[in-house]
Amino acid sequence: VAVDDVISRLTVFELCEAFYALDPQGRVSGGMLGNGGPGTRLKLRTEVLAGTWEALVSGQADLAIGVGLQSPPPGVAVEPLGDLAFVFAVAPHHPLAAATEPLDDVDLLRFRAVAVADTAQRMSPLTVNLLPGQDVLTVSSMAAKVEALLRGMGCGYIPEPMVRQHLRSGTLLQKKTLRPNAPARMGYAWRCGSGRRERASLGLGLQWWLTQLVVPTTRQALLERQGV
């Protein structure tokens with residue numbers, strides 16, 4: 001299972017716990033772990049941007065959670081997960097904290113941005129909300145990006161749920177920008193084989209995960225619980 005770094009790890013691990021609580025016939029076994037469970041091994045991998053798609057289409061994952069909604073290649077099915085809001089955030093001691101809003105590109109270009117590196121190795125990596133010529137601090141995870149923002153080492157767009165508590169406490173400030181900032185439309189995708197979108201033709205393990213992802217509360221939790 002490839003999981004984009006913007007997705008709630010807490011919710012993913014809760015899904016893993018529920019999966020391990022199944023017996024091989026799919027019945028709840030009282031939460032037995034160890035040698036119990038459904039008889040299917042899980043392998044979780046964290047990806048960023050195009051890397052999430054790449055893990056799926058390259059065969060390194062059977063299911064990808066947190067992909068951008070786009071036309072899938074043959075043999076891949078995709079469904080919407082929901083919209084993820086982003087905010088432009090800075091530390092209270094960052095120079096942009098006192099700047100007049102809305103900030104334009106000239107304002108942003110003067111200061112270092114913090115970006116998370118796309119994990120794609122073969123697909124073309126994506127660059128989002130970075131200006132040509134802007135200084136960039138590139139980090140390996142969203143958690144590292146939040147830490148850099150808190151230290152005033154740069155500025156940048158970040159999923160709102162991931163910094164919600166920091167915004168409430170004032171350890172980070174949200175600034176309005178002229179740059180368009182529409183919510184990111186997120187989805188999940190799975191390898192189904194050519195012409196085999198029907199879930200009955202999939203493995204039991206993958207069927208179980210897809211059944212969970214249909215539940216609206218699960219979709220919301222995957223997008224909203226990063227900061228818990």
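The basis for the numbers below is simple: all heavy atoms, side chains too, and nothing from hydrogens, waters or symmetry mates. Bear in mind the structure is a predicted one, so any value in this text is a computation, not a measurement.
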Do [X] and [Y] sit in the same hydrophobic cluster, where Ile, Leu, Val, Met, Phe, Trp and Tyr count as joined when their side-chain heavy atoms come under 4.5 Å apart?
{"X": "L149", "Y": "V128", "value": "yes"}
{"X": "V6", "Y": "L130", "value": "no"}
{"X": "L131", "Y": "V114", "value": "yes"}
{"X": "V136", "Y": "M142", "value": "no"}

Measure the [atom1]-[atom2] distance between [X] and [Y] for me, rounded to the nearest 0.5 Å.
{"X": "L49", "Y": "D4", "atom1": "CG", "atom2": "CG", "value": "6.5 Å"}
{"X": "I65", "Y": "L15", "atom1": "CD1", "atom2": "CG", "value": "7.0 Å"}
{"X": "R191", "Y": "Q60", "atom1": "CZ", "atom2": "CD", "value": "10.0 Å"}
{"X": "L202", "Y": "L63", "atom1": "CG", "atom2": "CG", "value": "10.5 Å"}
{"X": "Q207", "Y": "W190", "atom1": "CD", "atom2": "CH2", "value": "11.5 Å"}
{"X": "L178", "Y": "F88", "atom1": "CG", "atom2": "CZ", "value": "11.5 Å"}

side-chain contact (heavy atoms from CB on, under 4.5 Å) against A120, all qualifying residues, sequence neighbours excluded
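Scan of A120 (side-chain contact (heavy atoms from CB on, under 4.5 Å), adjacent residues dropped) gives A50, E54, D118, M123.
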
With a 4.5 Å limit on heavy-atom distance, are the side chains of [X] and [Y] in contact?
{"X": "L96", "Y": "L108", "value": "yes"}
{"X": "L222", "Y": "L213", "value": "yes"}
{"X": "L81", "Y": "I7", "value": "yes"}
{"X": "V90", "Y": "F111", "value": "no"}
{"X": "V12", "Y": "L44", "value": "yes"}
{"X": "E224", "Y": "R164", "value": "yes"}
{"X": "V214", "Y": "E79", "value": "no"}

Between [X] (side chain) and [Y] (backbone), is there a donor-acceptor pair under 3.5 Å?
{"X": "K175", "Y": "A99", "value": "yes"}
{"X": "H94", "Y": "L150", "value": "no"}
{"X": "T40", "Y": "G205", "value": "no"}
{"X": "Q212", "Y": "W208", "value": "yes"}
{"X": "T46", "Y": "D5", "value": "no"}

So Q226 and L84, side chain to side chain contact (heavy atoms under 4.5 Å, CB included) or not? Walk me through it.
CA-CA 11 Å; Q226 299 96 324; L84 180 60; 4.0 Å; yes

Looking only at heavy atoms, which two atoms of [X] and [Y] are closest? And how far apart?
{"X": "S58", "Y": "R122", "value": "CB-NH2, 3.6 Å"}
{"X": "P92", "Y": "G170", "value": "CG-O, 3.1 Å"}
{"X": "A91", "Y": "A97", "value": "O-CB, 3.6 Å"}
{"X": "A2", "Y": "E47", "value": "CB-CG, 4.2 Å"}
{"X": "G51", "Y": "T119", "value": "CA-OG1, 3.3 Å"}
{"X": "L56", "Y": "A189", "value": "CD2-CB, 3.5 Å"}

Hey, can you tell me if F19 and W209 have their rings parallel, tilted or perpendicular (30° and 60° cut-offs)?
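If you compare the ring of F19 with that of W209, the planes turn out tilted.
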
The single option from D105, D107, D104 passing salt bridge (charged side-chain N to carboxylate O under 4.0 Å, His left out) against R179:
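Result: among D105, D107, D104, D105 is the only option passing the salt bridge (charged side-chain N to carboxylate O under 4.0 Å, His left out) with R179.
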
Closer than 4.0 angstrom, basic N to acidic O: yes or no for E14 and R225?
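So E14 pairs with R225 through a salt bridge.
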
Does atom CD of Q220 have more than 12 heavy-atom neighbours, drawn from other residues, nucleotides or ligands, at distances under 6.0 Å?
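Counting neighbours around CD of Q220, 12 or fewer heavy atoms of other residues, nucleotides or ligands fall under 6.0 Å, so no.
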
